[in-house]
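Below you'll find the structure, written out as structure tokens, and then a few comments.
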Amino acid sequence: QISTKDRLITSAKDKIKDFKTTLGFKDEDTNFGITGSILSIGLSLFEKKDFENVIVCFDDFERISDKLKLKDVLGLISELKEQKKCTVVLILNKDELREDDLSKYKDKIVDYDFNYEPTVAESFSLIKDNLKSFKEYPLEYFQKYKINNIRIMKRVINALNDYACFEESLKDFKDIEKELVENILEISTINALKLSVDFEKLSKYSMQNYLDKKNKEKNEDYDQLLKYINFGYSGYFYMSDITYNVVDYIKNSIVDKDSLQQSINERIKKQKYSSIEEQIRKCTHKARYDLNYPYNQYTQDLFNILESNQNNITEIINADNFLFYIQQLEEFDSENIEKYKKFAIDLLKKYLYIELKGDRYSSWVNQTISNIKNFDIALND
């Protein structure tokens, strides 16, 4: 790229245009790759006066082509600096240079050496205003995994923004929100590092190595990518339905909102059901061990929980547990046995229907069916 400090040089601009035409570049191309002899031919078109007040910038210098020798290009830079009297800016990652020729020529061609070493937080501060949703998560993730590449950060932020429509509905369900956001952070980071990753193969690889630690199949690329996955409690990269949703988004750049909403609804339902099951468990535990908790209060509390959740009770507790709780009610409140029996029969019909659809070869299922039928003759019919 060539620019001027204070003005455009008409003659240089025209010569660049002629040079582009000769090489087959379009006129609107402002950047064009130059290698080997083409570079020398191009420079020969210019006179010394054409380079006055010109800044020549070599960016991504560590990505220099294998076809070019580093010392030749450094020699060219020296010529630009010493003979053509132009200013040269060399931008590179020194750690990624394959040769050490730079150190040999550095004293001759480099007048000022600036090290750009921002912290993760400093890099993130440059682009954080682009983040529209889930703002409390990215910086912590970037710092944890030492991600300091702004290009990767931007890709991750774009992905989080594309899922912004789910933030409001998840504000009261932090565990589900965290699961979604962690998947977005991990999958988009890996995709930014290495395009076209087969995430199913990556998951299978991590699972095989987790299960068979003695005969590990080594894949250095996969091992490197798996460092950005939070294995949580599983110990391997598990792909849930939410993970698949994010992977599809990475492939297609479109969020399948209906599918994700269904997954979220299922998790919310399970959370609610889990809390109801915990209420029942605490109630029976209290009746067993708290001497100040009378049985009439226990049966009242227990029946209120069962009755208020009767529409979803088959999804909250299994049939055997339901039978146990009904037996508890009948045992400790004999005056209302008929009420409890009528209530139970209607629900046990639902349980029976579920069990009959199950594995009829399972002795456990058959025993549960028998227990339901034995509760009342109406269920046997």
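Residue indices begin at 1 and follow the sequence shown. What's counted below: heavy atoms across the whole structure, side chains too, no hydrogens, waters or symmetry copies.
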* **Members besides Phe114 in its Ile/Leu/Val/Met/Phe/Trp/Tyr cluster (side-chain heavy atoms under 4.5 Å)** => Tyr112
* Residues Glu167, Lys132: salt bridge by 4.0 Å N-O rule -> no
* Asked: Given Leu323 and Leu348, is the side-chain contact (heavy atoms from CB on, under 4.5 Å) satisfied, shown in steps?
  -> CA-CA 8 Å; Leu323 283 167; Leu348 285 170; 3.7 Å; yes
* Check for a donor-acceptor pair, side chain of Asn149 on one end and backbone N or O of Ile152 on the other, with a separation under 3.5 Å. => yes
* Asked: How long is the gap from CG on Leu329 to CZ on Phe324, to the nearest 0.5 Å?
  -> 10.0 Å
* Can a salt bridge be assigned to the pair Glu330 and Lys341 using a cut-off of 4.0 Å between side-chain N and carboxylate O? -> no
* Answer yes or no: is there an ion pair linking Asp111 with Lys81, defined by an N-O contact shorter than 4.0 Å? => yes
* Minimal non-hydrogen separation, Leu180 against Phe134, with atom names -> CD2-CZ, 4.5 Å
* Under the side-chain contact (heavy atoms from CB on, under 4.5 Å) rule, what do Ile150 and Phe124 come out as? Steps first, then yes or no, please. => CA-CA 7 Å; Ile150 291 178; Phe124 182 68; over 6 Å; no
* Ignoring hydrogens and geometry, is there a side-chain-to-backbone donor-acceptor pair from Tyr205 to Asn219 under 3.5 Å? -> yes
* **Short side-chain to backbone donor-acceptor contact, Ser188 and Ile184, under 3.5 Å** => yes
* To do: Decide yes or no for Tyr163 and Tyr249: does some side-chain heavy atom of the first lie under 4.5 Å from some side-chain heavy atom of the second?
  => yes
* Measure the shortest side-chain to side-chain distance between Tyr325 and Ile305 over non-hydrogen atoms and say whether it is less than 4.5 angstrom. => no
* Hey, does the Lys NZ or Arg CZ of Lys339 hover above the aromatic six-ring of Phe303, less than 6.0 Å from the centre and inside 45° of the axis? -> yes
* Donor-acceptor under 3.5 Å (Asn318 side chain, Asn321 main chain) -> yes
* Asked: Roughly how far, to the nearest 0.5 Å, is CD of Glu179 from CG of Asn230?
  -> 11.5 Å
* Would you say Leu185 and Leu160 make side-chain contact, with heavy atoms under 4.5 Å? -> yes
* For the pair Glu315 and Lys269, evaluate salt bridge (charged side-chain N to carboxylate O under 4.0 Å, His left out) and give the outcome as yes or no after the intermediate values. => CA-CA 9 Å; Glu315 298 178 74; Lys269 186 168 70 173; 3.1 Å; yes
* How far does CG of Asn93 sit from OH of Tyr116, to the nearest 0.5 angstrom? -> 13.0 Å
* Asked: Does any non-hydrogen side-chain atom of Pro294 lie less than 4.5 Å from one of Gln297?
  -> yes
* **4.5 Å side-chain heavy-atom contact, Leu80 and Phe58** => yes
* Evaluate the side-chain proximity of Gln310 to Phe343: yes if any heavy-atom separation is below 4.5 Å, no if none is. => yes
* Structure fact -> Rounded to the nearest 0.5 angstrom, the NZ-CG distance for Lys69 and Leu74 is 13.5 Å
* Would you say Ile77 and Phe61 make side-chain contact, with heavy atoms under 4.5 Å? -> yes
* Structure fact -> Of all heavy-atom pairs linking Val120 and Ile147, the shortest is CG1-O, 3.5 Å
* Ignoring hydrogens and angles, tell me if any N or O in the side chain of Ser308 forms a donor-acceptor pair with the backbone of Asn304 under 3.5 Å. => yes
Extract all donor-acceptor atom pairs below 3.5 Å that involve side chains of residues 135-144 and protein atoms in other chains or at least two apart in sequence.
from   : atom 1 : to     : atom 2 : distance (Å)
Tyr137 : OH     : Glu177 : OE1    : 2.6
Tyr141 : OH     : Tyr228 : O      : 2.8

* Say you draw a straight line from CZ of Phe173 to CZ of Arg267; how long is it, rounded to the nearest 0.5 Å? -> 13.0 Å
Table please: side-chain donor-acceptor pairs of residues 255-263 below 3.5 Å, with sequence neighbours left out.
from   : atom 1 : to     : atom 2 : distance (Å)
Asp256 : OD1    : Ser259 : N      : 3.2
Gln261 : NE2    : Asn265 : OD1    : 3.0
Ser263 : OG     : Asp241 : OD2    : 2.9
Ser263 : OG     : Ser259 : O      : 3.3

* Heavy-atom pair with the smallest gap, counting every atom of Ala319 and Glu355 -> CB-OE2, 4.3 Å
* State, yes or no, whether a side-chain contact exists between Tyr295 and Glu331 at a heavy-atom distance under 4.5 Å. => no
* To do: Output the distance between atom CG (Leu202) and atom CD1 (Ile229), rounded to the nearest 0.5 Å.
  => 6.5 Å
